[in-house]
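The structure under discussion appears below in the form of structure tokens.
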Amino acid sequence: MQLILIGFMGSGKTSVSQLIGQKLDVPVLDLDQVIVEQAGKTIPEIFADDGEAGFREIEHRALESVSDFDGILATGGGTPLRADNRELIKNTDALVIKLQADASVINDRLKNQSGRPLGDGLNTSSIEAMQEKRDKFYDDCMDMVIDTDELTVEEIADKIIRIMAGQDERRKISWG
Ligand code: S3P
């Protein structure tokens, strides 16, 4: 795997990964999409039928199934919550970047989008509380964080591409 994007719902993982994939001509997978394809139902349907615990099992199996994927992976906001998922993420050779966005920015985005069972009915302070609970899990498996509040999707993508190129250089040097 070349790159894994992690971060809270609405932090831009999907749009940033798509743009980087286009710019680098590298395949992109969205874990939520993989889950929907493997389960044959939408994420709200999975939550309704199997609850969050059932969703997390399906999510874990989906992550396992793509761990050898050679491209860019956008995870779900809750993927790093499970220790076994964090291990899977850490055991790839991918650069793992967390996209960080302010709770008020996330709140505006979530209000305009649907299809997130855990995103319904949140407000800026409940998002902040959830971010605080989740941060230690994100921190545990990330290589670096990008603060996206002042950046466009294009600027974030370009920044990550520069970081990936620098990493490649360092790898070449250390490999001689
Ligand atoms: C979730 C985030 C969602 C999706 C599911 C659960 C979470 O992905 O996996 O609704 O627990 O934060 P996005 O981060 O792509 O919205």
Side-chain angles (χ1 to χ4, degrees), residues 1 3-21 27-67 69 71-89 92 94 96-142 145-149 151 153 156-157 160:
M1 196 110 61
L3 172 71
I4 300 178
L5 293 182
I6 64 171
F8 204 79
M9 289 174 272
S11 59
K13 301 177 297 289
T14 299
S15 33
V16 170
S17 62
Q18 294 295 341
L19 189 56
I20 298 173
V28 179
L29 274 181
D30 196 273
L31 193 62
D32 285 343
Q33 205 51 48
V34 176
I35 292 168
V36 168
E37 278 160 26
Q38 291 184 356
K41 37 189 177 177
T42 65
I43 290 178
E45 282 167 351
I46 300 171
F47 269 80
D49 292 349
D50 310 313
E52 181 176 350
F55 172 80
R56 296 294 175 210
E57 267 311 304
I58 299 172
E59 180 179 47
H60 173 68
R61 288 200 297 272
L63 180 65
E64 230 171 12
S65 75
V66 301
S67 55
F69 169 64
I72 299 167
L73 177 70
T75 58
T79 310
L81 301 185
R82 273 176 61 148
D84 50 6
N85 289 350
R86 295 197 297 279
E87 283 313 304
L88 280 171
I89 291 172
T92 68
V96 182
I97 295 188
K98 175 192 172 193
L99 298 184
Q100 170 67 37
D102 191 77
S104 61
V105 174
I106 302 257
N107 187 42
D108 288 343
R109 289 189 192 147
L110 294 187
K111 270 196 298 198
N112 294 318
Q113 298 170 3
S114 59
R116 290 186 176 97
L118 297 182
D120 289 341
L122 294 178
N123 56 38
T124 301
S125 60
S126 54
I127 290 169
E128 231 162 34
M130 248 173 117
Q131 282 178 318
E132 230 168 82
K133 275 196 197 147
R134 289 182 167 195
D135 271 346
K136 58 178 175 298
F137 302 119
Y138 296 139
D139 291 352
D140 179 43
C141 57
M142 73 183 187
V145 54
I146 294 184
D147 203 329
T148 62
D149 288 333
L151 302 175
V153 170
I156 302 164
I160 293 177

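The figures here come from the full heavy-atom set of this structure, side chains too, leaving out hydrogens, waters and symmetry mates. All ligand and atom numbering here is 1-based and tracks the order in the structure.
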**OP:** Identify the two heavy atoms, one from Thr75 and one from Lys13, that lie closest to each other, and give their separation to 0.1 Å.
**Re:** O-CE, 2.9 Å
**OP:** Say whether, by atom type as modelled, one donor and one acceptor occur between the side chain of Thr148 and the main chain of Leu151 under 3.5 angstrom.
**Re:** no
Subject >> Salt bridge present between Arg61 and Glu64 (N-O < 4.0 angstrom) >> reply: no
Original post:
Any Lys/Arg nitrogen of Asp135 or Lys98 sitting under 4.0 Å from an Asp/Glu carboxylate oxygen of the other?
Top reply: yes
Original post:
Got a salt bridge between Arg56 and Asp50, using NZ or NE/NH1/NH2 to carboxylate O under 4.0 Å?
Top reply: no
Original post:
Under 4.0 Å between a Lys/Arg side-chain N and an Asp/Glu carboxylate O for Lys133 and Glu128?
Top reply: no
Subject >> Neighbouring residues of ligand 1, heavy-atom cut-off under 4.0 Å >> reply: Met9, Lys13, Asp32, Ile43, Phe55, Arg56, Gly76, Gly77, Gly78, Arg116, Pro117, Leu118, Arg134
